[in-house]
Amino acid sequence: MGTPMAFIQHVCSASFARAVRTRSVAANTIIPSHKRRNLSTTLTTTPSRAQNADSRVLLGLSETELQQLAVDLGQQSYRGKQLHHFIYQRKVRNVEDFSQLPKAFRNELRDAGWGVGRSPIYQSVTAPDGTIKLLIKLDDNRLIETVGIPVKDDKGSMRLTACVSSQVGCPLRCSFCATGKGGFSRNLQAHEIVEQVLAIEETFKHRVTNVVFMGMGEPMLNMKAVLEAHRCLNKTVKSPLKRKPVCDGTTVFLKDVQIGQRMITISTVGVPNTIKRLASHKLQSTLAISLHAPNQKLREAIVPSAKAYPLDAIMKDCKNYFLETSRRVSFEYALLAGVNDAVEHATELAELLHQWGRGYHVNLIPFNPIEGSEYKRPSKKVALAFAATLESRKITVSIRQTRGLEANAACGQLRNKFQKSPLVLDSDNEQSQSDVAVAC
């Protein structure tokens, strides 16, 4: 057998550059809630379900916006509060099932083209450790994957983490990740991200406590929708005396899904100029950088898009991110046997982090096997030696506990054959489900 580096797939960075260019406009502009006036009049054209569904989707709107919608449709504003309760608390999927609303109001919503924006769960897979992977069928018949990870503490309380996708597939094609190998279709809209969390809550019958944007896709290539979903998922109270959601024109204070900012992590392999833009929003969420190598040459071999975003540039942006937000940056490091897992790599990584500041955290992720990959998972002894080397050099480190491996729901394993091409029609539904079970 040849050297492990022979197995690394080198992909031209041109595809990454194209992906950045085509998404830069969407990533640059976030529309404040106060500018979304007269919501009922935004439905005059419907060119594409996949691209324009958010113009008529209730999920993702705040209580204030739902109240405005009710008023626009000739109802009292308290009907908007009822809408909010149905969508986020009772998790009703269809406008027809808003049983406490007048039938005339339900008909108006439906006639104006409004829907809740919930998608059906196409399939679920449960691992022996309790992790559940859901395949959600979107409006355009493509499938995305989201994972619920339950962890009980010593006192019996459960922490439920939702690992959510931000794109249908991924254009960056990291060599160790299954998602990139399955191809890329499109960005997810904000409500398609939010609904993943609601689906996890419904499946577990338990409140989601943590959200990590570590599913399918590169969140920074879909920053607009990711930030809108973040605002909807977040619970923020401006003052102990003010419990209702408010909007001051620039910042929205929501109580929709009620997850604290510090319980949300946004992960990225690194997209030029986006870390600075994210820092400008001054979120208190965690930024996680998928690093995977201590030097530029090795990182380019493992992460092809690194050619467009040199390591020194990433580290400089991370340092500035900390200075602007006062939030520690976490670094994800997938351990690939014989490739980047030597003690020498750990020493070089420690030197890199010390060069650019203090307070960094490294999360080591032993490689999770995927079909068609020649990479191997390192032994526990090797992973512990890598961690010990970092600790001896004053670097905070943890080794991620593998969850959902048997359900192909572990880190780097999310892929399905319908992320690139839509599902066949319902007449072939039974055969399609069989295909998905194998492809996942």
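Source: prediction; values computed, not measured.
- Between Ile132 and Phe204 there is a side-chain heavy-atom pair separated by less than 4.5 Å.
- Formation of a donor-acceptor pair under 3.5 Å by the Tyr88 side chain with backbone atoms of Gln258 is not found in this model.
- In this structure, a donor-acceptor pair under 3.5 Å is present between the side chains of Glu300 and Gln296.
- In this structure, the side chains of Thr131 and Thr126 stay at 4.5 Å or more apart for every pair of heavy atoms.
- Residue Asn210 places its CG atom among more than 12 non-hydrogen atoms of other residues, nucleotides or ligands, all under 6.0 Å distant.
- Note on ring orientation: taking the six-membered ring where Trp is involved, the planes of Tyr375 and Phe367 are perpendicular (angle over 60°, cut-offs 30° and 60°).
- Checking each of Arg377, Gln401, Lys376 against Pro366 for a side chain to side chain contact (heavy atoms under 4.5 Å, CB included) leaves exactly one that passes, namely Arg377.
- Ion pairing of Arg400 with Glu332 is present here, as a side-chain N (NZ or NE/NH1/NH2) and a carboxylate O approach within less than 4.0 Å.
- Arg118 has a carboxylate O that lies under 4.0 Å from a charged side-chain N of Glu202, or vice versa, which qualifies the two as a salt bridge.
- Considering every non-hydrogen atom in both Gln167 and Phe184, the closest pair reads NE2-CE1, 3.5 Å.
- For Phe213, the ring pair (Phe, Tyr, Trp, His ring centres under 6.0 Å) test picks out no residue, with sequence neighbours left out.
- Side-chain contact annotation: Ser119 with Glu195, donor-acceptor N/O pair under 3.5 Å present.
- Counting heavy atoms from C-beta on, the side chains of Val212 and Thr286 never come closer than 4.5 Å.
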Can I get a per-line list of side-chain donor-acceptor pairs under 3.5 Å for residues 151-161, giving both atom names and the distance, sequence neighbours left out?
residue	atom	partner	partner atom	Å
Asp153	OD1	Lys155	N	2.9
Asp153	OD1	Gly156	N	2.9
Asp153	OD1	Ser157	N	2.8

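- The closest side-chain donor-acceptor pair between Asn141 and Lys137 falls under 3.5 angstrom.
- Counting non-hydrogen atoms of other residues, nucleotides and ligands closer than 6.0 Å to NZ of Lys91 gives a total above 12.
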